[in-house]
J.: 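Starting off with a structure, shown below.
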Amino acid sequence: EELGATAVWGTQQLDLFPEKAKYDGVFGLWYGKGPGVDRCIDVFKHANMAGTSRFGGVIAIAGDDHVSKSSTAPHQSDHVFKACGFPTFFPSSVQDILDMGLHAWALSRFSGVWTGMKTIQEVVESATTVDVSPDRVKIILPEDFPMPPGGLHIRWPDPPLEQEARLMDHKWYAALAYVRANKLNYNVIESAQDRFGIISSGKAFNDTRQALADLGLDEATCHRLGIRLHKVNVVWPLEATITRDFAQGLQEILVVEEKRQVIEYQLKEELYNWRPDVRPNVLGKFDEPEGDATGGEWSHANPSGNWLLRAKADLTPAIIAKAIAKRLTKLGVPVVPIVSSPARVSAELPPELRSINAMFHDAADRDLRRVVTAALQCLGLLPAQRRVFVSYRRDESADVALQLYEALSERHFDVFLDTHSVAVAADFQAALWHRLCDCDVLVMLDTPGYFASRWTTAEWGRAIAKHISMLQLVWPGH
């Protein structure tokens, strides 16, 4: 790997020997697994500080093994590429590898840096159909980036501190200008009323799409619920303008990425100075302890009991779906699992939803009235307990009161009927007055003798005094 990286470094030195060059430039491509990336750090740093040629460009591709499937240790090369100063791509499909590969070379050539590309087994080892049309990828060179005197490319002599200054003062920002001009990071799902954002990259982006599908959140449903999905192709450095546009108007952002944080820390830094009333809450690896706003993971002695999207091993659609459902619930977005019967919970619900109390669908309810009612209750558009107090004279309308109690209860109203709703050994009158004052509607069975009873008259009078809504059912012939 080290010899291969050194050879690729050599391909970028054509401009140093113009009298011997046979070609205008050479595109370099290096590949190694995680251990090879680790061993090549010294070569990578020197080659990147030296830079690429005007008509060249280099991609270093890492074959990462997140779950140590065929390696002695799990690998995450994004942090190594970042330490070497490589703008880092993380494609989510074979098509992305081809498209982003062309962009990676163009970015490298424009900004004078090596680029890194992270690949993993789940993306690479897949069967797919790809589009290789020559005009598929449109390369746009930035016009808003001022080039320094002498440009950004390899030269000689070139002292180390001048190389470092050129890298830190110009090259990285030229790379960001390229990302911005070509919109390499972008919203996949968006609408004007979004309030919950998800940002992801690579394999985790695919798993996020599957998690949304498992939750029944297709694109149209995401629009209705205000869910925005952002795809990051260049995970470092994270382009700020695109990221801030994504975050605009959101209440909360969930960062979905495998292994240790790359996007999450950059996102928090870019939003840090936003006013508190417009800055969204950002979560990723760790959940918020209930009632605790002290800060992120490093503000706790040991936050490992509070994982939301674990850094160890990998992520699955089930883990991501559970995290999405949990955060949506906290934001007031209802997640109502529906099954055909209690015995079918395990068979019909994915594991991430089994902890949520499900609704059992009655096949006779063809209009889905119970489902709609439950959704409206979760959204706060319908009281979860529609409390009804039945006021009546027992000697005139007990049978009708009981029928009304049963019919309303069957339709999920919380009905108070004195003969059925007062607990044994309870203070009858105290319980009755408590439930009356706590109800939403008093249903008055207005029989001929209703106001002849001091009890029903008192119930009517107290409802009037408490401004409780009243429904008067006038007795036939009265």
Side-chain angles (χ1 to χ4, degrees), residues 1-32 36-37 39-62 77-89 100-118 139-182 184 234-237 239:
E1 286 92 347
E2 295 96 323
L3 287 174
T6 305
V8 172
W9 180 9
T11 66
Q12 302 306 296
Q13 297 179 10
L14 289 183
D15 289 351
L16 305 182
F17 309 97
E19 70 285 353
K20 296 182 179 180
K22 296 180 180 179
Y23 305 100
D24 292 330
V26 176
F27 297 102
L29 181 67
W30 178 94
Y31 170 81
V37 172
R39 284 198 299 270
C40 288
I41 291 176
D42 184 53
V43 180
F44 285 163
K45 285 185 175 180
H46 281 82
N48 194 43
M49 289 178 65
T52 59
S53 63
R54 287 179 304 152
F55 302 114
V58 174
I59 308 174
I61 299 181
S77 295
D78 348 16
H79 291 279
V80 176
F81 283 156
K82 175 185 173 183
C84 296
F86 290 6
T88 303
F89 290 72
M100 291 303 124
L102 294 177
H103 278 299
W105 263 320
L107 183 153
S108 174
R109 183 171 62 253
F110 174 77
S111 59
V113 292
W114 282 40
T115 57
M117 179 175 285
K118 175 187 176 76
I139 303 294
I140 300 173
L141 296 181
E143 298 179 354
D144 61 348
F145 183 79
M147 286 290 177
L152 300 175
H153 298 103
I154 194 167
R155 66 201 64 185
W156 187 262
D158 196 15
L161 292 182
E162 292 185 15
Q163 291 182 347
E164 182 187 52
R166 190 163 61 252
L167 178 66
M168 295 187 175
D169 291 342
H170 303 288
K171 288 184 177 182
W172 288 335
Y173 303 100
L176 286 169
Y178 183 92
V179 174
R180 186 166 54 249
N182 290 274
L184 298 186
V234 182
V235 297
W236 187 89
E239 205 287 317

J.: How many angstroms lie between atom CG of Asn182 and atom CZ of Phe110, to the nearest 0.5 angstrom?
T.: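 Asn182 CG to Phe110 CZ: 10.0 Å, rounded to 0.5 Å.
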J.: In Å, rounded to the nearest 0.5 Å, how long is the span from CG of Asp15 to CZ of Arg155?
T.: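 Taking CG in Asp15 and CZ in Arg155, the distance rounds to 10.5 Å.
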J.: Distance check, rounded to the nearest 0.5 Å: Arg180 atom CZ versus Ile140 atom CD1?
T.: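 Spacing of CZ (Arg180) from CD1 (Ile140) equals 13.0 Å.
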J.: State the CZ-CG distance between Phe55 and Asp24, to the nearest 0.5 angstrom.
T.: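 It comes to 6.0 Å.
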J.: Do you know which two heavy atoms are closest between Gly32 and Val37, and how far apart they sit?
T.: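 Reported closest heavy-atom pair: O-CG2, 4.0 Å.
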J.: Identify, with sequence neighbours excluded, every residue that meets salt bridge (charged side-chain N to carboxylate O under 4.0 Å, His left out) alongside Lys118.
T.: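 In terms of salt bridge (charged side-chain N to carboxylate O under 4.0 Å, His left out), with neighbours along the sequence ignored, Lys118 is linked to Asp64, Asp78.
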J.: For Met49 and Lys171, which heavy atoms make the closest approach, and how far apart are they?
T.: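 Here Met49 and Lys171 meet closest at O-NZ, 3.4 Å.
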J.: Locate the shortest heavy-atom distance separating Ala5 from Phe44; write the atom from each residue and the value.
T.: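 Taking every non-hydrogen atom into account, CB-CE2, 3.9 Å.
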J.: Could you report the tightest heavy-atom contact between Val8 and Trp114, atom names first, then the distance?
T.: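 Taking every non-hydrogen atom into account, CG1-CH2, 3.8 Å.
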J.: Within the structure provided, determine whether Asp158 and Arg166 are in side-chain contact (heavy-atom separation under 4.5 Å).
T.: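 Yes, at least one pair of side-chain atoms sits under 4.5 Å.
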J.: Using a 4.5 Å cut-off on heavy atoms from C-beta on, say whether the side chain of His103 contacts that of Tyr178.
T.: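 With C-beta onward as the side chain, the pair touches.
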J.: Can you tell me if His170 uses its side chain to pair, donor with acceptor, with the backbone of Ser111 under 3.5 Å?
T.: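 No, His170 side chain to Ser111 backbone: no donor-acceptor pair under 3.5 Å.
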J.: Are any of the side-chain heavy atoms of Ile59 and Ser108 separated by less than 4.5 Å?
T.: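 No, every pair of side-chain atoms sits at 4.5 Å or beyond.
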J.: Hey, can you tell me if Phe86 and Phe81 have their rings parallel, tilted or perpendicular (30° and 60° cut-offs)?
T.: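 Correct class here is parallel.
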J.: Taking all heavy atoms of Val179 and all of Glu239, pick out the closest pair and write down the distance.
T.: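 Closest approach of Val179 to Glu239: CG1-CB, 3.9 Å.
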J.: Does Cys84 reach the side chain of Lys45, with side-chain heavy atoms less than 4.5 Å apart?
T.: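 In contact.
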J.: With distance as the sole test, does Gln12 use its side chain to make a donor-acceptor pair with the main-chain N or O of Ser53 at under 3.5 Å?
T.: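 Yes, Gln12 side chain to Ser53 backbone: donor-acceptor pair under 3.5 Å.
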J.: With rounding to the nearest 0.5 angstrom, report the CZ to OG1 distance, Arg109 to Thr115.
T.: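 Reported to 0.5 Å precision, the distance equals 11.0 Å.
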J.: Between Ile154 and Gln13, is any pair of side-chain heavy atoms under 4.5 Å apart?
T.: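 Answer yes - side chains close enough.
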J.: Any side-chain heavy-atom pair from Pro87 and Leu107 closer than 4.5 angstrom?
T.: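 A side-chain contact exists here, since the closest heavy-atom pair is under 4.5 Å.
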J.: Would you say the side chain of Val58 lies within less than 4.5 Å of the side chain of Asn48, judging by non-hydrogen atoms?
T.: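 Counting from C-beta outward, Asn48 and Val58 never come under 4.5 Å.
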J.: Looking only at non-hydrogen atoms, find the nearest pair between Val43 and Glu2 and report the distance.
T.: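 It is CG2-O, 4.2 Å.
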J.: Show, in sequence, the C-alpha distance, side-chain angles and deciding distance for Trp105 and Leu29, and conclude whether the side chain to side chain contact (heavy atoms under 4.5 Å, CB included) test is met.
T.: CA-CA 9 Å; Trp105 263 320; Leu29 181 67; 4.1 Å; yes
J.: Is the backbone of Met117 close enough, under 3.5 Å, to the side chain of Thr88 for a donor and an acceptor to pair up by distance?
T.: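 Absent.
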J.: Is the distance between the ring centroids of Trp9 and Trp30 less than 6.0 Å?
T.: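 Ring-ring flag for Trp9/Trp30: false, centres at least 6.0 Å apart.
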J.: Just how far is it from atom OH of Tyr173 to atom CE of Met168, taken to the nearest 0.5 Å?
T.: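 Reported to 0.5 Å precision, the distance equals 9.0 Å.
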